[in-house]
Peer 1: 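Input: one structure, supplied below.
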Amino acid sequence: MENSFDINNLVRENVKTMKPYSSARDEFKDFDVAQMIFLDANENPYQNGVNRYPDPQQSSVKVVLAKQRNLKVDQVLLGNGSDEVLDLLFRAFCEPKTDNVITLPPTYGMYSVLANINAVENREILLSQDFQPEIDAILQAVDANTKMIFLCSPNNPTGNSFSDESVVTLLQNFNGLVIIDEAYIDFSKKQSWLNELDEYPNLIITQTLSKAYGLAGIRLGICYASAAIISVLNKIKPPYNVNELTQQRALERLADKEKIQLEIDSILIQRDDLLKVLNEVNFVSKIYPTEANFVLIKVDDANKRYAELIAKGIVIRNRTTQPLCENTLRLTIGTAEENKKLMEALQSC
């Protein structure tokens, strides 16, 4: 299958012809804001830091992200968490009750949820036993109505990254969008696929500030893609989807690169310490390779071990109901103190 990607062939017809909502804050963007008197948006005029609507394009945050990633600002879109970014992709490119997407279980569950919400068929192609994409099966599942393929790499809940060869094969042989979810890329030794955006026009990368950046509570998701794709998503996104407090907190955190790296390094050290102990726990039969801030383990009885840890005040994730994940538990890496309590609990079960 030769790639002949054309974004215009993917955009829903109603999205192509729609006129986007123009917010009050979109109409004066070429003026000197400091000299303006705002009487256009029915806001409370008394200043308290958040009495005005936020920048609908989150320009300040995008400038920082684009600079740090060596991209252009028009290649960046921000959302209320990655889930909103993913939902925008469905709504922009998938015709309900007609189109389909491909996901690769076991993987992040929201792909399937969003497909259902948007009335889009989800064709599930299981990963291989070593949790790698089955490329031939994926390409065989593709038809004229397949719009997107979702790759989570490093993958959740398995923790491993997908091979470069597999990703390239899909990018070169699929005429739709290949979305690589890189929520955990900061914990991996592999390079982000951001460097390949200009090479593959059908490549979309999603990232988040919820994991390595420690900002899960502010809900900021990021989409990187071609300017053409970002333009389509901007057309349908809510006008003020990222609030002012989120934008301010993101800018503060993005400026503290040294502290972020120290935290990442600490998490990786704690991960290695946990892996050493897991090798000695008698009910752990397998420890899956990980490039994320969590570890997937296979145990003798996942339901039993999950309940035992809960009883000791430690909450983990039981993944035993997921495909290829029978009797598995997912352990997130905590602080040194939290990790110590987890390791002691595991040894005493």
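Given the structure is predicted, the values throughout are model-derived calculations rather than measurements.
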Peer 1: Is it true that Asp87 and Arg91 make a salt bridge, defined as a side-chain N closer than 4.0 Å to a carboxylate O?
Peer 2: yes
Peer 1: When rounded to the nearest 0.5 angstrom, what distance separates CG in Leu220 from CD in Gln58?
Peer 2: 7.5 Å
Peer 1: Quick one: does Lys147's side chain have a donor or acceptor within less than 3.5 Å of a partner on Phe93's backbone?
Peer 2: yes
Peer 1: Just by modelled atom types, is the Glu165 backbone N or O under 3.5 Å from a matching donor or acceptor in the Thr169 side chain?
Peer 2: yes
Peer 1: Keeping Ser231 on the side-chain end and Ala228 on the backbone end, is there a donor-acceptor pair under 3.5 Å?
Peer 2: no
Peer 1: Answer yes or no: are there more than 12 heavy-atom neighbours, outside Asn48 itself, under 6.0 Å from its atom CG?
Peer 2: yes
Peer 1: Check the surroundings of atom CD in Gln68: do more than 12 heavy atoms from other residues, nucleotides or ligands lie under 6.0 Å from it?
Peer 2: yes
Peer 1: If we ignore angles and hydrogens, is there a donor and acceptor under 3.5 Å between the side chains of Asp143 and Thr146?
Peer 2: yes
Peer 1: Which pair of non-hydrogen atoms, one from Thr320 and one from Ala302, has the smallest distance, and what is that distance?
Peer 2: CB-CB, 4.0 Å
Peer 1: Begin with the C-alpha distance, continue with both residues' side-chain angles, and end with the deciding distance and a verdict on side chain to side chain contact (heavy atoms under 4.5 Å, CB included) for Phe150 and Leu104.
Peer 2: CA-CA 7 Å; Phe150 289 91; Leu104 313 180; over 6 Å; no
Peer 1: Tell me yes or no: between the side chains of Gln247 and Asp55, is some donor less than 3.5 Å from an acceptor?
Peer 2: no
Peer 1: Would you say Glu344 has more than 12 foreign heavy atoms packed within less than 6.0 Å of its CD?
Peer 2: yes
Peer 1: Side chains of Arg330 and Asn156: is there a donor and an acceptor less than 3.5 Å apart?
Peer 2: yes
Peer 1: Using a 6.0 Å cut-off, check whether atom CZ of Arg249 has over 12 heavy atoms from anything other than its own residue.
Peer 2: no
Peer 1: Any side-chain donor-acceptor pair under 3.5 Å between Tyr111 and Asn116?
Peer 2: no
Peer 1: Can you name the nearest heavy-atom pair linking Lys235 to Lys16, along with the distance?
Peer 2: NZ-O, 2.8 Å
Peer 1: Within the 3.5 Å criterion, strictly below it, is a donor on Arg319 or Thr158 matched to an acceptor on the partner's side chain?
Peer 2: no
Peer 1: So, the side chain of Glu263 versus the backbone of Ile260: is there a donor-acceptor pair under 3.5 Å, distance only?
Peer 2: no
Peer 1: Quick one: OG on Ser285 to CG on Asn327, what's the gap to the nearest 0.5 Å?
Peer 2: 8.0 Å
Peer 1: Please check if atom CG in Asn44 has more than 12 non-hydrogen atoms from other residues, nucleotides or ligands closer than 6.0 Å.
Peer 2: yes
Peer 1: Give, for atom OG1 of Thr246 and atom CD1 of Ile218, the distance between the pair rounded to the nearest 0.5 Å.
Peer 2: 5.0 Å
Peer 1: Indicate yes or no for a side-chain donor-acceptor contact from Gln132 to the backbone of Ser163 under 3.5 Å, with no hydrogens or angles considered.
Peer 2: yes
Peer 1: Please report the closest heavy-atom contact between Leu296 and Pro157, naming both atoms and the distance.
Peer 2: CB-O, 3.5 Å
Peer 1: List the steps and the verdict of side chain to side chain contact (heavy atoms under 4.5 Å, CB included) for Asn175 and Asn9.
Peer 2: CA-CA 9 Å; Asn175 292 331; Asn9 294 333; over 6 Å; no
Peer 1: Answer yes or no: is there a donor N or O on one side and an acceptor on the other, between the side chain of Asn241 and the main chain of Leu78, under 3.5 Å?
Peer 2: yes
Peer 1: Please check if the distance between the ring centroids of Phe187 and Phe294 is under 6.0 Å.
Peer 2: no
Peer 1: For Ile117, check side chain to side chain contact (heavy atoms under 4.5 Å, CB included) against everything at least two apart and list the hits.
Peer 2: Val113, Leu114
Peer 1: Assess, by modelled atom type and distance only, whether the side chains of Lys190 and Ser153 contain a donor and an acceptor separated by less than 3.5 Å.
Peer 2: no
Peer 1: About how many Å separate CG of Asp99 and CG of Asn145, when rounded to the nearest 0.5 Å?
Peer 2: 5.0 Å
Peer 1: Taking the side chain as everything from C-beta on, heavy atoms only, tell me whether Asn51 gets closer than 4.5 Å to Glu43.
Peer 2: no
Peer 1: Walk me through whether Arg123 and Glu121 qualify under side chain to side chain contact (heavy atoms under 4.5 Å, CB included).
Peer 2: CA-CA 6 Å; Arg123 298 184 175 180; Glu121 180 190 357; 3.1 Å; yes
Peer 1: Does Arg317 use its side chain to pair, donor to acceptor, with the backbone of Thr332 at less than 3.5 Å?
Peer 2: no
Peer 1: Taking atom NZ of Lys298 and atom CD1 of Ile287, what is their separation to the nearest 0.5 Å?
Peer 2: 13.5 Å
Peer 1: Any chance you could measure Leu171, atom CG, to Ile180, atom CD1, to the nearest 0.5 Å?
Peer 2: 6.0 Å
Peer 1: Decide side chain to side chain contact (heavy atoms under 4.5 Å, CB included) for Ile267 and Ile264; before the verdict, give the C-alpha distance in whole Å, the side-chain angles of both, and the deciding distance to 0.1 Å.
Peer 2: CA-CA 5 Å; Ile267 289 170; Ile264 292 172; 5.7 Å; no
Peer 1: Could you check whether Glu182 and Gln207, counting side-chain N and O atoms only, form a donor-acceptor pair closer than 3.5 Å?
Peer 2: yes
Peer 1: Pairing donors with acceptors under 3.5 angstrom, does anything connect the side chains of Glu244 and Gln248?
Peer 2: yes
Peer 1: Provide the closest heavy-atom pair for Ile7 versus Leu177 in the form atom of the first, atom of the second, distance.
Peer 2: CD1-CD2, 4.5 Å
Peer 1: Do you know which two heavy atoms are closest between Val101 and Ala115, and how far apart they sit?
Peer 2: CG2-CB, 4.4 Å
Peer 1: Report yes or no: is the cationic atom of Arg305 (NZ for Lys, CZ for Arg) closer than 6.0 Å to the six-membered ring centre of Phe283, at no more than 45° off its axis?
Peer 2: yes
Peer 1: Donor-acceptor pair, Asn318 side chain versus Leu329 backbone, under 3.5 Å?
Peer 2: no
Peer 1: To check you understand the geometry: which heavy-atom pair defines the closest contact between Val15 and Met18, and what is its length?
Peer 2: O-CG, 3.2 Å
Peer 1: Among Leu86, Ile205, Ile179, Leu77, find the residue that satisfies the side-chain contact (heavy atoms from CB on, under 4.5 Å) test when tested with Cys223.
Peer 2: Leu77
Peer 1: So do Leu170 and Phe162 actually touch side chain to side chain, heavy atoms under 4.5 Å?
Peer 2: no
Peer 1: Please tell me whether Tyr200 and Phe174 form a close aromatic pair, meaning their ring centres lie under 6.0 Å apart.
Peer 2: no
Peer 1: Do Ser161 and Glu291 pass the side chain to side chain donor-acceptor pair (under 3.5 Å) test, and can you show the C-alpha distance, the side-chain angles, and the key distance before you say yes or no?
Peer 2: CA-CA 7 Å; Ser161 293; Glu291 295 182 63; 3.3 Å; yes
Peer 1: Tell me, please, which residues at least two apart from Lys304 pass side chain to side chain contact (heavy atoms under 4.5 Å, CB included).
Peer 2: Asp301, Glu308
Peer 1: Distance-only, no hydrogens or angles: does the Arg253 side chain make a donor-acceptor pair with backbone N or O of Tyr213 under 3.5 Å?
Peer 2: yes
Peer 1: Using only heavy-atom distances, determine whether the side chains of Asp186 and Gln261 contain a donor-acceptor pair under 3.5 Å.
Peer 2: no
Peer 1: I'd like to know if the side chain of Asn160 reaches the main chain of Phe131, judged simply by a donor and an acceptor atom lying under 3.5 Å from each other, with no hydrogens or angles considered.
Peer 2: yes
Peer 1: Let me know which of Leu127, Asp181, Thr290 forms a side-chain contact (heavy atoms from CB on, under 4.5 Å) with Asn155.
Peer 2: Leu127
